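Taking it in order: structure first as structure tokens, then the write-up.
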Protein chains: 2
Amino acid sequence: MSLRHAVLGLIVELDGASGYDLMKLFEISLANVWTATQSQVYGELAKLTADGLIEVAAEGPRGRKEYRATDAGRDELRRWLVEEQPRPARRDGVLLKVFFLGQLEPERARAYLRDSAATMGERRDGLAALQQEVTWGDDNLSLYGRLTLEYGRRFFAMRKEWAEWAEAELARHAAPPEDADRA
Amino acid sequence: MSLRHAVLGLIVELDGASGYDLMKLFEISLANVWTATQSQVYGELAKLTADGLIEVAAEGPRGRKEYRATDAGRDELRRWLVEEQPRPARRDGVLLKVFFLGQLEPERARAYLRDSAATMGERRDGLAALQQEVTWGDDNLSLYGRLTLEYGRRFFAMRKEWAEWAEAELARHAAPPEDADRA
DNA sequence: CTTAGACCTTCCAGTTTTGACATGTCAATC
DNA sequence: GATTGACATGTCAAAACTGGAAGGTCTAAG
């Protein structure tokens, strides 16, 4: 149950936020780490409230509800951080395709990897640019947000390099018999 | 719907396999790419059969059913490879924790990253050892399986290095005022 | 002969995720 | 005064995923 802790964690760090606020955070700062839809966020807020981990601290203009973490909520976040060990999710649609690329003509397969390398390069550059632009504060969210952003940059860089390597590997196999016994 | 294409893809490549065979493949060769439980695999086989993408080609000893792809199935796999563009799944429990590590004492946070780095190092070494051990054939599954295995190795290596870097960053912030103006 | 272990499938109950649809308020602009 | 757009919440059905339980068959070793 990670969505629950993502929501809870944001509320604890922000010390008060509405579902709408959280949605924006999911879209922006948590985008590379955990995604969530509206229905998930609002649903989870209701559950967290029912379980006494958060509470409605104030109500604002448009039916806005500002949630704040209870002591039980802060304890639970801490417990999750310390005790629970996440199993790394091993699911990757891009890689799944690579696995079956042998079903295409070699030239198409290599084109796919070249495309992939280009896309990853762009993403890496995008994050690198972001790193330059953003002025970081001294708060926790800034510090740890910076760490995850750097992770994203490294991830895309790794991926780009791998795609280039893989493309070269395919090239080697596609036309190998050229210099096998050329003295 | 990627599970569907993972199952379909394996059946196409193997040119005939039972649910049991597929399960083993998911556990071994597809482990770093896509995971699936028994109920998912058998369920998907039923659906694929109903949709005419695969068919029971033979029945074996223990109620074993050997599935084979139909022409429609092969077309669908190809269509998926060429047309559909996967959206990279952005969900990572380990990173999610890092995002909230500011809730712990700095020393605990650093310990978490050190642990993480160690775990990633072990995994990387595990895959590296596997690369040495395995004797690769000349078939497609071998070639492309080799590519994804190398991806896994690079992924864990990147992750280890990042965790070490992040730990150092935290250390810098934990005790920064030591040599600011030490001539 | 018997028994352990690999082989093999089916079903299910509960949870999570997805992707809408529905509803309404407030602030600023035209 | 009307319209647009950001703000804000809520509900739902369908799909996907989890984690088993249950039941049965063949083979080889002891």
Side-chain angles (χ1 to χ4, degrees), chain A residues 1-8 10-11 14 16-28 30-31 33-51 54-67 80 84 86-93 96, chain B residues 1-8 10-11 14 16-28 30-31 33-51 54-67 80 84 86-93 96:
Chain A
M1 274 203 294
S2 281
L3 170 68
R4 150 161 279 204
H5 294 103
V7 171
L8 179 58
L10 284 177
I11 290 175
L14 295 177
S18 68
Y20 193 82
D21 293 341
L22 294 180
M23 270 316 294
K24 280 196 293 189
L25 282 164
F26 269 98
E27 278 160 19
I28 301 165
L30 225 50
V33 175
W34 204 269
T35 56
T37 59
Q38 250 191 9
S39 35
Q40 267 185 299
V41 169
Y42 283 106
E44 201 58 53
L45 284 171
K47 282 191 215 163
L48 284 166
T49 307
D51 293 346
I54 61 176
E55 62 192 0
V56 178
E59 305 212 5
R62 279 152 276 227
R64 174 191 172 94
K65 292 180 193 166
E66 193 152 324
Y67 292 92
W80 171 71
E84 238 164 274
R87 34 163 196 186
R90 289 186 290 250
R91 241 170 225 191
D92 191 312
L96 183 62
Chain B
M1 275 203 293
S2 281
L3 170 69
R4 151 161 278 201
H5 295 101
V7 171
L8 179 58
L10 284 177
I11 291 175
L14 296 176
S18 67
Y20 193 82
D21 292 341
L22 293 180
M23 269 317 293
K24 280 196 293 188
L25 281 165
F26 269 98
E27 279 160 19
I28 302 164
L30 226 49
V33 175
W34 205 269
T35 56
T37 59
Q38 249 191 9
S39 30
Q40 267 186 299
V41 169
Y42 282 105
E44 200 58 52
L45 284 172
K47 281 191 216 164
L48 284 166
T49 307
D51 293 346
I54 61 174
E55 62 192 0
V56 178
E59 305 211 6
R62 278 152 277 229
R64 173 191 172 96
K65 291 180 191 167
E66 193 153 324
Y67 293 92
W80 171 72
E84 239 165 273
R87 31 158 197 191
R90 292 186 288 251
R91 240 168 226 195
D92 192 312
L96 183 62

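A note on names: the letters A, B, ... follow the listed sequences, proteins ahead of strands, and every chain is numbered from 1. Computed from heavy atoms alone, side chains included, the values below leave out hydrogens, waters and symmetry copies. As the structure is a computational prediction, the values presented were derived from the model and not from experiment.
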> What residues form a side chain to side chain contact (heavy atoms under 4.5 Å, CB included) with B:Glu27, not counting sequence neighbours?
Replying inline: B:Met23
> Among all residues two or more places apart in sequence or in another chain, which pass the side chain to side chain contact (heavy atoms under 4.5 Å, CB included) test with B:Lys47?
Replying inline: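 With neighbours one apart ignored, the set is B:Arg4, B:Glu44.
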>> Let me confirm one number: the CG-CG distance from B:Leu22 to B:Leu10, rounded to the nearest 0.5 Å.
In response: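 B:Leu22 CG to B:Leu10 CG: 5.5 Å, rounded to 0.5 Å.
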> Going from CZ on A:Arg91 to CG on A:Leu96, what distance comes out if it is rounded to the nearest 0.5 angstrom?
Replying inline: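 The distance works out to 10.5 Å.
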> If only atom types and distance count, is the side chain of B:Tyr42 paired as donor or acceptor with the main-chain N or O of B:Tyr20 below 3.5 Å?
Replying inline: yes
> Which heavy atom of B:Phe26 sits nearest a heavy atom of B:Trp34, and at what distance?
Replying inline: CD2-O, 3.5 Å
Given atom [atom1] of [X] and atom [atom2] of [N], what is their separation to the nearest angstrom?
X       : N     : atom1 : atom2 : value
A:Leu45 : D:dT9 : CG    : C1'   : 10 Å
A:Glu59 : D:dA8 : CD    : P     : 13 Å
B:Phe26 : C:dC8 : CZ    : C1'   : 17 Å

N/O donor to acceptor pairs below 3.5 angstrom from side-chain atoms of residues 57-64 of chain B, sequence neighbours left out:
unit_1	atom_1	unit_2	atom_2	d
B:Arg64	NH1	B:Ser18	OG	3.2
B:Arg64	NH2	B:Asp21	OD2	2.8
B:Arg64	NH2	B:Glu66	OE1	3.3

>> Run the side-chain hydrogen bond (donor to acceptor under 3.5 Å, both in side chains) test against A:Thr49 and tell me which residues pass, sequence neighbours left out.
In response: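 Not a single residue meets the side-chain hydrogen bond (donor to acceptor under 3.5 Å, both in side chains) criterion with A:Thr49.
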Using nucleotides 4-7 of chain C, report all nitrogen or oxygen pairs with the protein that are shorter than 3.5 Å.
unit_1	atom_1	unit_2	atom_2	d
C:dC7	OP2	B:Tyr20	OH	3.2

>> Does the protein touch nucleotides 10-22 of chain D at the base, only the backbone, or not at all? Give it as B, S and - per nucleotide, heavy atoms under 4.0 Å.
In response: BBB---SSBBBB-
